[in-house]
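Working notes for the structure below.
Both ligands and their constituent atoms are indexed starting at 1 by order of listing.
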Amino acid sequence: MKKIGVLTSGGDAPGMNAAIRAVVRAGIYRGIEVYGIYHGYRGLITGNIKKLNVSDVGDIVQRGGTILYTARCEEFKTEEGRQKGIEQLKKFGIEGLVVIGGDGSFRGGVKLTELGFPTIGIPGTIDNDIPGTDFTIGFDTALNTIIDAIDKIRDTATSHERRFIVEVMGRGCGDLAMWAGLADGAETIMVPEKKESIDTIVERLNRGLQRGKKHNIILVAEGVGSANDVADAIKARANMDTRVTVLGHVQRGGSPTAFDRVLASRMGSRAVELLLKGEKGKMIAVQNNKIVTHDILNVLTKKHEFNNDLYKLAKELSI
Ligand code: F6P
């Protein structure tokens, strides 16, 4: 294999640039050419592809977002769209591909592998919702962004003796809410993996009031529903006023943490090694701080495991 491509797809995540840098430099270090495919699968279809040199990925390890841009591409889900992509790969002489993204992006990678273009997936998403890996690139940075925001909210919550409801991202996965809740001592953590009734939440709020608590943070994972609906339900049930903060896309930006940069570097380099060994259809993962690989097809049939121990611990410590 002499030429490989790299693309980012789906929602961006801090650390994607560090992964791109690692793929490009690990490739060049091993004597191959690396091509950047811009705008995800959309750029593959239209041939928005450029050879990347060592200096093209200089000064990006610390930057959030993705220098290759990203997109969610419906056309690539069709046979016709994929054929157009294959034609572009042939035109540029690209023989293997590294796809940095989430499970949707990996489905495209599986198809490319089936069509004769070995593809390796790197999990990049703030959601941490990919099965088989302890962490995805971007999760740690997003978590730190959330914690920074909640620390600030806590200051004003205490001053005004208010209850705050904070909604965080994560799609159907409660990891961002759960880890942030544990790290920030939130009184209530609402995640899609565990159901908690409004009655229980109101009971906890009342208990807190009785023991003189000055503030209260309720963290809501977007997979549960909207924080505004939770606020309305609390108002309807207990006539309690709350303030709502929806953190939104601020969680997707910012300079990646050291953890995400290192993880991205390790994963990017391993992806290149795998392609050069003739591997295909694999996803890079981290488990117990070791870089490991799984069959992407296998990953796609599983569900990310929710960490019940951490959830239990968060509850235990927020009595
Ligand atoms: O998958 C990352 C993510 O930020 C989710 O947490 C969120 O639900 C979604 O993307 C938002 O997507 P968009 O940026 O397209 O609105």
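Within a 6.0 Å sphere centred on OH of Tyr69, other residues, nucleotides and ligands contribute 12 heavy atoms or fewer.
Taking atom 6 (O) of ligand 1 as the reference point, the nearest protein heavy-atom neighbour is Asp127 OD1, 2.7 Å. Shortest contact from atom 3 (C) of ligand 1 to any protein heavy atom: Arg252 NH1, 3.4 Å. Shortest contact from atom 12 (O) of ligand 1 to any protein heavy atom: Arg72 NH2, 3.0 Å. Of all protein heavy atoms, the one lying nearest to atom 16 (O) of ligand 1 is His249 NE2, 3.4 Å. Among protein heavy atoms, the minimum distance from atom 9 (C) of ligand 1 is reached at Arg171 NH2, 3.7 Å. The shortest contact between atom 8 (O) of ligand 1 and any protein heavy atom is with Glu222 OE2, 2.5 Å.
At a threshold of 4.0 Å, the pair Glu87-Lys90 does not count as salt-bridged, since none of the basic side-chain nitrogens sits closer than that to a carboxylate oxygen.
Distance check, rounded to the nearest 0.5 Å: CG of Asn307 to CG of Asp175 gives 7.5 Å.
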One pair to check against side chain to side chain contact (heavy atoms under 4.5 Å, CB included): Thr133 and Met267. What are the steps and the verdict?
CA-CA 11 Å; Thr133 189; Met267 287 183 164; 4.0 Å; yes
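Nearest heavy atoms, Lys2 versus Glu95: N-OE1, 2.8 Å.
Proximity of Glu196 to Lys315: side-chain heavy atoms (C-beta onward) are separated by under 4.5 Å at one or more points.
Contacts of Gln251 with ligand 1, taken as heavy-atom pairs under 4.0 Å, are absent altogether.
Taking only nitrogen or oxygen atoms, main chain and side chain alike, Gly170 reaches within less than 3.5 Å of ligand 1.
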